[in-house]
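In what follows, a single structure is set out as structure tokens and then discussed.
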Amino acid sequence: MDQHPINLPDKPALEGLEAKWAARWEAHGTYRFDRNHTREEIYSIDTPPPTVSGSLHVGHVFSYTHTDLIARFQRMRGKVVFYPMGWDDNGLPTERRVQNYYGVRCDPSLPYDRDFQPPDKPGKQPISVSRPNFIELCNRLTAEDEKAFEHLWRHLGLSVDWSRTYATIDRRAQKTSQAAFLRLLKRGIAYQLEAPTLWDIDFRTAVAQAELEDREQPGAYHRIRFARPDTSTFVEIDTTRPELIPACVALVAHPDDARYQPLFGSKVVTPLFKVPVPVRAHALADPEKGSGIAMICTFGDLTDVTWWRELRLPVRAVIQANGAFRPLTWGSTGWESHDVAAAQAVYDQLANLSAVKARARIVELLKESGDLLGEPRPITHPVKFYEKGDRPLEIVTSRQWFIKTMDFREELLARGVELQWHPDYMRHRYENWVNGLAGDWCISRQRFFGVPFPAWYPIRGDGQIDYTRPIVPTEAQLPIDPSTDTPEGYVPAQRNQPNGFAGDPDIMDTWATSSLTPQIAGDWLGDPDLFARLFPMDMRPQSHEIIRTWLFDTVLRSILEHGSLPWKHAAISGWVLDPDRKKMSKSKGNVVTPMGLLEEHGSDGVRYWSAKGGPGTDTAFDAGQMKVGRRLAIKVLNAAKFALMQAEPRGAITEPLDRGMLSSLATLVQESTEQFEAYDYARVLEQSERFFWSFCDDYLELVKARRYGDFTPEGAASANSAMLVALSTLLRLFAPFLPFVTEEVWSWWRTGSVHNARWPTAEEVVAPIGGSDAEAVQVFAQTRAALGEIRRIKALEKRPVKAVIDRAVLPRRFESLMPAAPDFKAAAHIRDLLFGSIEEPQLEFAAEQLPEPRV
RNA sequence: GGGCGGUUAGCUCAGUGGUAGAGCACCGGCUUUACACGCCGGCUGUCGCAGGUUCGAGUCCUGCACCGCCCACCA
């Protein structure tokens, strides 16, 4: 054992331990990753990169603590832990923040200005800057945020190797994203397509299926009649979006629906616009919904897209990228009508209106024409929104990049089974998502800040861009920005000129980069040797609401690129709930600042509360639990002080109580190890804590007199030696949870860091007593039980309570604790629980048999 | 509409078919030489509801209710 003379502080305290030990851990490289190990010797973690353009909240503290518990356990088990930290500075939140902070606006058409400096204060008019300049500003601002985040994480005690950080917009991340994209492009797995795409009209960008959310919205069914030519009859349909009548391309009913079977193949005429549209049959049409026949528009919803594609219908798009109805000329190709003038007159009243305004207007017009039957019937129904958006999504046809997903569903499901989930039931969310996939992954976004697509396109002599023949760089040239870099074989002056080239204007979805965090953190391209030592990684920790995005996308990219899972384990954290059982969030104004919590309760106290929240379990924010954790940490200080303040003499551990205590501790160590291996850290803490309090209140009290030398030197030596084994073991059991106080106590008499010490083993704990002593465990357990019973009798006697005591059992219990009789009686003395004060014959009988302590 | 979790003491939650648990809160006692940031004791339950399996169910099965989350083709 690496020990030095015991060096106890006069008055041990928690205050200042965070700063003291965070600095020493950094100086000593306690958590530094050493790459000179094989994959089997390494435990690698795919740390979630927090979004830096916000602030950390208590939910971050909660879930990052969970990861740290595992990291610390694995490190103590002897694994070389790869525990990096990333910063997510890619994407819309950063874009917005940089715009407001510096008063700039990104214009991707501008050239890079090497000497650009932002104004000290943002002006009223935003300054236009190039995309590279914009990214520089982002890096500058996020560097500040990252410092604050790192400070908090260090204060919390995350055992991250701070020399291994990355940012999701840094050069390595860009190169990784672009290279992975180019490889998929080469294999035909990445492709571009002009297609109807979910579109946010405020952000003016395409969004992916994974970024959708449904919101219940008020709406109304409008019953509208379509005329049947050559008859005086009508077909009635229900729609919530009557404004899309000009975009109607067909009606559809279920093929088995007898009501509409006679109509299939015939044509009807749209109201107001007098456009002939066919009536078609499709199994997706629901006879139960509305009138059982629906209007297909290009495009009102995703079902429209399905019908449009499968029935090979024409496109009549009316909604523009900004959400407004586009002006158009009736009578031109694709916009035929039986009454062009009337159609134009109606449509001109809708042009340039938003969908909501157009709807109001067209309802008036339908009423006037008599084509609206009855009043609109209000309903609430789910409407798709971009999760960050404020207005419903529209579907707009545009050119986008996709990654093939649908072709890999089988393998995605199989990998989901192979992945070990903690807790296991979280795998259902993944499977649910894979089974519900509706299309390939749209990865292009019409934004400015992000990883650009590494592609240019030739411009033909007529000035048209030829998207079918993208020009791509070599991997060695990456990262590139097509808005400023020039492709091989061209000169910069040819940009956007006939016979020249044009850069791809889009950027990648942030998940297209985040899905490569194992490759980015492990430096897949730059350091293949390192990557091979890390990948597939051991653990991905994350929260459950991004299983469909981050987890799913990472699995997909790993399958596509490596043919394997990206990690063996997925550890899913729950949420922190406020007292109203709602998820804590900034918008609700109920977030407590993490640093304030750490200062008030101590990092160990806050970590204790976090660790009580088991994998996947939503946990109420509870300052009371943090106080309990803080008290536990203080108790560790004081118990350690007691054990170490008079640690001589030492010698053989012969006393039954000492042997029983150590044998029980060995069981705890065994169970804790198994639980930790199964990622059940919360159970480890609970059981270790239970043992520790009993250790303090029962064991230490029982042996106190003996260890002070009241009986024999051998007895004192036995107690002292057992206490030190127990202390060393308990400190290591608590080290992942309470890294500061355990390190402090460890430093009083041990060399090195407790966090680099080996996790205890059951064999080690009972080695000094020659193996587990089952008989002594009985003595230990029964002595504690008897002491408890005496205490209860004492309390009951003092208050005149009609206690029912099993008088027959008491004497037997005392017989069984005879091997620990002196300790037992001494403890009773110390606690003023003298038997004589209890007028129970059985107790007196028992007490007489106990030898007197040798005072 | 489908799926997944949850429902146990006033609160937060453990609970592995075998006598219902912990902490907090509350009440009472204790200057006791590690710790009053402490120690000892006490009070507190139709284990959501209804059936079923079993010698025995908080635990397993079926159904239902409520809470939360995830997903879904929004006419």
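The figures here come from the full heavy-atom set of this structure, side chains too, leaving out hydrogens, waters and symmetry mates. A note on names: the letters A, B, ... follow the listed sequences, proteins ahead of strands, and every chain is numbered from 1.
- Comparing atom distances between the A:V383 side chain and each of B:C73, B:C74, B:C69 picks out B:C74 as nearest.
- Nucleotides of RNA chain B nearest to A:L212 and A:I237 differ in position, and the one nearer the 5' end is that of A:L212.
- Remark: A:D658 engages A:R706 in a salt bridge, criterion side-chain N to carboxylate O under 4.0 Å.
- With hydrogens and angles left out, the side-chain atoms of A:Q420 and A:Y679 include no donor and acceptor closer than 3.5 Å.
- Using a 3.5 Å distance cut-off with no hydrogens or angles, the side chains of A:N720 and A:R707 do pair a donor with an acceptor.
- In this structure, A:W693 reaches the sugar-phosphate backbone alone: every heavy-atom distance under 4.0 Å involves primed, P, OP1 or OP2 atoms, never a base.
- Using a 4.0 Å heavy-atom criterion, one finds that A:L284 contacts the bases of the nucleic acid, with or without backbone contacts as well.
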Are there any protein N/O atoms within less than 3.5 Å of an N/O atom in nucleotides 14-18 of chain B, and if so, which ones and at what distance?
| residue | atom | partner | partner atom | Å |
| --- | --- | --- | --- | --- |
| B:A14 | O2' | A:E686 | OE1 | 2.8 |
| B:A14 | O2' | A:E686 | OE2 | 3.0 |
| B:G15 | OP1 | A:R683 | NH2 | 3.3 |

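- No contact: A:N435 has no heavy atom under 4.0 Å from any strand.
- Among the heavy atoms of the strands lying under 4.0 Å from A:D301 is at least one base atom, whether or not backbone atoms are also near.
- Here the P atom of nucleotide B:G6 and the NE2 atom of A:H544 are 13 Å apart, to the nearest Å.
- One P atom belongs to B:G38, the other to B:C67, and the distance between them is 40 Å to the nearest Å.
- Going from the C1' atom of B:C40 to that of B:U32 covers 11 Å, rounded to whole Å.
- Across all strands shown, A:T306 has no heavy atoms under 4.0 Å from either base or sugar-phosphate atoms.
- Ring to ring, A:F676 and A:F737 are close: their centroids are under 6.0 angstrom apart.
- Across the P atoms, B:G58 and B:G1 are found 33 Å apart, a figure rounded to whole Å.
- Across all strands shown, B:A50 is found opposite B:U62 as a Watson-Crick or G-U wobble partner, with both distances under 3.5 Å.
- Between the side chains of A:E545 and A:W575, a donor-acceptor pair is found at a separation under 3.5 Å.
- A:E310 has no carboxylate O lying under 4.0 Å from a charged side-chain N of A:R280, or vice versa, which leaves the two without a salt bridge.
- For B:G5 and B:G63, the P atoms lie 14 Å apart once the distance is rounded to whole Å.
- The nucleotide whose nearest atom lies closest to any side-chain atom of A:H381 is, among B:C74, B:C70, B:A72, B:C74.
- Remark: B:G21 base-pairs with B:C13. Criterion, Watson-Crick or G-U wobble with two distances under 3.5 Å.
- Of the charged side-chain nitrogens involved, none lies within less than 4.0 Å of a carboxylate oxygen, so that A:E431 and A:R429 do not count as a salt-bridged pair.
- Taking 4.0 angstrom as the limit, A:K289 places a side-chain polar atom (N or O) nearer than this to OP1 or OP2 of B:C74.
- Within the nucleic acid shown, A:A285 comes within 4.0 Å of at least one base atom, counting heavy atoms only.
- In a base pair of the Watson-Crick type (N1 to N3 plus N6-O4 or O6-N4) or a G-U wobble (N1-O2 and O6-N3), with each distance short of 3.5 Å, B:C30 is matched with B:G38.
- Taking 4.0 angstrom as the limit, A:R631 places a side-chain polar atom (N or O) nearer than this to OP1 or OP2 of B:C24.
- Put simply, CZ on A:R241 is 15 Å from C1' on B:C73, counting in whole angstrom units.
- Comparing the P positions of B:A22 and B:C39 gives a spacing of 16 Å, expressed to the nearest Å.
- You'll find that the side chain of A:D697 is closest to B:C40, out of B:C40, B:C70, B:G38.
- A salt bridge does not link A:R631 to A:E689: none of the charged nitrogens lies less than 4.0 Å from a carboxylate oxygen.
- Distance noted for atom C1' between B:G28 and B:U33: 26 Å (whole Å).
- Remark: A:K289 is not positioned above the aromatic ring of A:Y221, lacking an NZ or CZ atom under 6.0 angstrom from the ring centre and at most 45 degrees off the axis.
- The A:R429 side chain lies nearest to B:C70 when the options are B:C70, B:C71, B:U12.
- Across B:C74, B:C35, B:C70, the shortest atom-to-atom separation from the side chain of A:E701 is found for B:C35.
- Rounded to whole Å, the P atom of B:A20 lies 15 Å from the corresponding atom of B:U46.
- Judged by distance alone with a 3.5 Å cut-off, no donor-acceptor contact links the side chain of A:K384 to the base of B:C74.
- Projected onto RNA chain B by closest heavy-atom contact, A:V628 and A:N638 fall at different nucleotides, the more 5' of which corresponds to A:V628.
- Side chain of A:K635, nearest nucleotide from B:C40, B:C74, B:C35: B:C35.
- Closest contact between the side chain of A:Y425 and the listed nucleotides B:G5, B:C71, B:U12 involves B:G5.
- Remark: B:C73 base-pairs with no nucleotide in the shown strands. Criterion, Watson-Crick or G-U wobble with two distances under 3.5 Å.
- For the P atom pair drawn from B:G45 and B:U53, the interatomic distance equals 31 Å after rounding to whole Å.
- When Watson-Crick and G-U wobble pairs are counted only if both distances are under 3.5 Å, B:G5 pairs with B:C67.
- For A:L632 and B:G23, the CG to P distance is 13 Å, given to the nearest whole Å.
- The backbone N or O of A:W550 lies less than 3.5 Å from no partner atom in the side chain of A:W511, so there is not a single donor-acceptor pair.
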